Undergrad: 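Below is one structure. I have some questions about it.
Please read all numbers here as calculations on a predicted model, not as lab measurements. Every number for a ligand or one of its atoms is a count from 1 in the order of the listing. Throughout, numbering of the chain's residues begins at 1 and tracks the sequence.
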Amino acid sequence: MSAQALEKKSSENYEPESPVSLALADRAKKFLPGGVSSGNRSVTPEIVFVRSLGARIWDADGKEYIDYHAGFGPLLLGHNNPAVNSFVKSTMDTIDLVGVGPAELEIKVAEKITRHVPSAKKVLFCNSGSEATYHAIRLARAFTGRHRIIKFQGCYHGWHDSVIMNVVSPADKVGFKDPLSAGMLPGALDNTIVLDFNDLNQVENTMKKNKGEIAGIILELIPHNIGCIMPKPGFVGGLREIADREGIVLIFDEVITGFRHDIGGFQKILGITPDITTLGKAMANGYPIAAVVGREDIMNRMGPGGDVFFAGTYNGHPVSLAACLATIQELEPGRVHEHIFALGNMMRKEMTNICDDLHIEATVAGFGSVFVTYFMKPPIENYTDLLRNNKSLFIEYRKQMIKRGIYMLPVNLKRNHISAAHSKEDVEITLRQSRDSLEAAKNSLKLQ
Ligand SMILES: Cc1ncc(COP(=O)(O)O)c(C=O)c1O
């Protein structure tokens with residue numbers, strides 16, 4: 001059933017019938033632990049998607065959805081973008097993995113990245129954001145000869161031991177170490193210090209208490225892993241000053257914000273340059289590639305003759321590089337960002353009006369193409385503030401949206417992404433469905 005047809009049914013108490021999806025999800029559980037290959041993919045309702053194009057995804061039962069999940073963010077141009085796909089296909093006809101010297105495309109893409117991303121004087125390619133942050137942190141340790149790293153509560157930087165802690169923590173774990181995995185090295189946990197985003201005083205105090213021990217600070221410039229919290233004026237600039245004063249490495253994790261908010265990353269919008277940047281997700285519109293980029297003296301430590309090891313069988317794979325180059329070429333004229341920013345503004349403004357009309361306490365947050373409706377009043381400056389979010393309403397609203405053919409991940413605090421393939425009409429449909437979904441969610445939760 002199409003999103004438009006689903007929209008007509010929205011006034012009825014429509015329950016999705018997904019027998020094929022459910023059967024596939026059950027079969028997956030026989031072979032994959034939990035039925036998925038990445039933790040956050042296991043959500044209810046259990047839907048198995050079998051087709052994607054533009055702003056739409058289709059499930060195994062033939063239902064169509066407008067997609068705002070965007071594979072956790074990479075699909076900036078929309079699914080199966082023709083320019084990206086066609087360059088990928090022609091590259092596949094020419095070369096696959098050889099694994100000696102640079103690939104020609106590697107040079108072209110690195111040139112583009114150094115032209116657009118202010119901090120990128122040198123570039124190294126890897127395959128995932130987690131690899132990129134792993135290398136960035138190791139580099140910071142090697143460069144400073146120190147061990148400890150500062151990260152912020154609510155920021156996610158991938159699955160490795162130094163960072164996989166304190167993202168969406170339960171209230172009683174905030175202020176304490178909250179590892180997300182068993183089996184982590186105690187030394188890695190001890191050497192990561194978790195602070196509140198937007199609190200420069202905490203960083204200053206931590207620097208004093210750990211004099212000569214901090215190697216670097218890593219942060220998402222906008223912590224999109226808990227929706228969208230903007231950095232307060234002076235916060236990122238303050239971190240830059242501290243890093244300069246203390247001789248430590250400032251790492252901007254732009255795995256989400258890079259390319260999505262600007263081809264030069266959010267650092268370009270802020271006008272503040274880190275020592276190292278990690279990039280991933282939107283850089284290749286859904287193909288697996290990531291990068292560590294940064295200051296020449298630090299990056300050269302990972303080159304031949306340097307003392308920091310960097311390798312990977314699939315690093316700089318021509319297929320992903322082709323997708324990356326085609327994505328950058330699509331972004332260069334500026335029309336994509338103009339379009340997605342306009343739709344993002346429209347979504348935020350109208351969602352705010354709908355919540356006001358329905359007397360729902362809400363803060364519609366976002367930046368550019370990213371939007372999220374928190375069910376709580378401002379101020380929202382850090383993760384602790386988000387503990388006031390009405391989690392039940394957040395999740396129920398998104399489940400109601402899914403019934404109506406709009407896919408927003410039904411997981412607390414997850415952001416939504418608009419792509420170049422979304423149209424004004426898609427946003428209008430989404431807003432109409434939002435009104436109905438909020439009313440239905442209020443009824444189902446018996447809220448006034
Ligand atoms: C900001 C940020 N950094 C790093 C990562 C890890 O990237 P990957 O999942 O590609 O390993 C993510 C993934 O969501 C992320 O959001």
Side-chain angles (χ1 to χ4, degrees), residues 36-43 68-76 117 119 124-140 149-168 180-181 192 194 197 216-231 236 239 250-262 265-267 270 274 276-294 312 314-317 320 323-324 327 366-370 372 383 409 411-417:
V36 289
S37 291
S38 180
N40 266 339
R41 291 184 193 169
S42 177
V43 295
Y68 291 102
H69 174 41
F72 282 106
L75 280 308
L76 180 58
V117 180
S119 63
L124 280 167
F125 294 105
C126 50
N127 303 292
S128 69
S130 299
E131 286 172 62
T133 60
Y134 184 97
H135 291 302
I137 288 171
R138 181 189 269 172
L139 207 43
I149 292 287
I150 292 175
K151 93 173 263 293
F152 296 95
Q153 174 72 53
C155 291
Y156 176 69
H157 304 292
W159 41 249
H160 53 93
D161 285 13
S162 292
V163 288
I164 188 61
M165 62 189 87
N166 297 81
V167 186
V168 180
L180 292 181
S181 178
T192 300
V194 182
F197 191 76
I217 302 173
I218 185 166
L219 73 155
E220 285 183 79
L221 290 174
I222 304 174
H224 280 314
N225 279 287
I226 46 171
C228 185
I229 294 184
M230 297 307 288
V236 183
L239 295 178
L250 183 60
I251 304 166
F252 289 175
D253 180 355
E254 295 231 48
V255 164
I256 297 177
T257 50
F259 299 90
R260 179 164 285 281
H261 293 333
D262 190 288
F266 193 66
Q267 60 190 262
L270 267 185
I276 298 289
T277 303
T278 52
L279 299 166
K281 298 213 189 231
M283 71 188 280
N285 204 50
Y287 283 82
I289 189 166
V292 191
V293 311
Y314 298 113
N315 288 359
H317 195 293
S320 294
C324 186
T327 301
F367 182 84
S369 59
V370 169
V372 60
Y383 178 75
L409 202 74
V411 174
N412 192 30
L413 305 180
K414 286 293 162 236
R415 67 202 174 273
N416 300 297
H417 315 82

Undergrad: Looking just at side-chain N and O atoms, do S119 and T277 make a donor-acceptor pair shorter than 3.5 Å?
TA: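 Judged by distance alone, the side chains do pair up.
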Undergrad: Look only at the side chain of R260 and the backbone of S369, and say whether a donor-acceptor pair between them is shorter than 3.5 Å.
TA: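 Absent.
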Undergrad: Quick one: does E220's side chain have a donor or acceptor within less than 3.5 Å of a partner on Y156's backbone?
TA: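 Yes, because the side chain of E220 sits within donor-acceptor range (under 3.5 Å) of the backbone of Y156.
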Undergrad: Do side-chain atoms of K414 reach the backbone of N225 as a donor and acceptor pair under 3.5 angstrom?
TA: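 Such a contact is found between K414 side chain and N225 backbone.
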Undergrad: side-chain hydrogen bond (donor to acceptor under 3.5 Å, both in side chains) with H261: which residues, sequence neighbours excluded?
TA: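 side-chain hydrogen bond (donor to acceptor under 3.5 Å, both in side chains) list for H261, sorted by chain: H224.
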Undergrad: Enumerate the protein residues lying less than 4.0 Å from ligand 1, judged by heavy-atom distances, in chain and residue-number order.
TA: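 The answer is S128, G129, S130, Y156, H157, G158, E220, N225, D253, V255, I256, K281, counting any residue whose heavy atom sits under 4.0 Å from ligand 1.
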Undergrad: Do L250 and L219 pass the side-chain contact (heavy atoms from CB on, under 4.5 Å) test, and can you show the C-alpha distance, the side-chain angles, and the key distance before you say yes or no?
TA: CA-CA 8 Å; L250 183 60; L219 73 155; 4.0 Å; yes
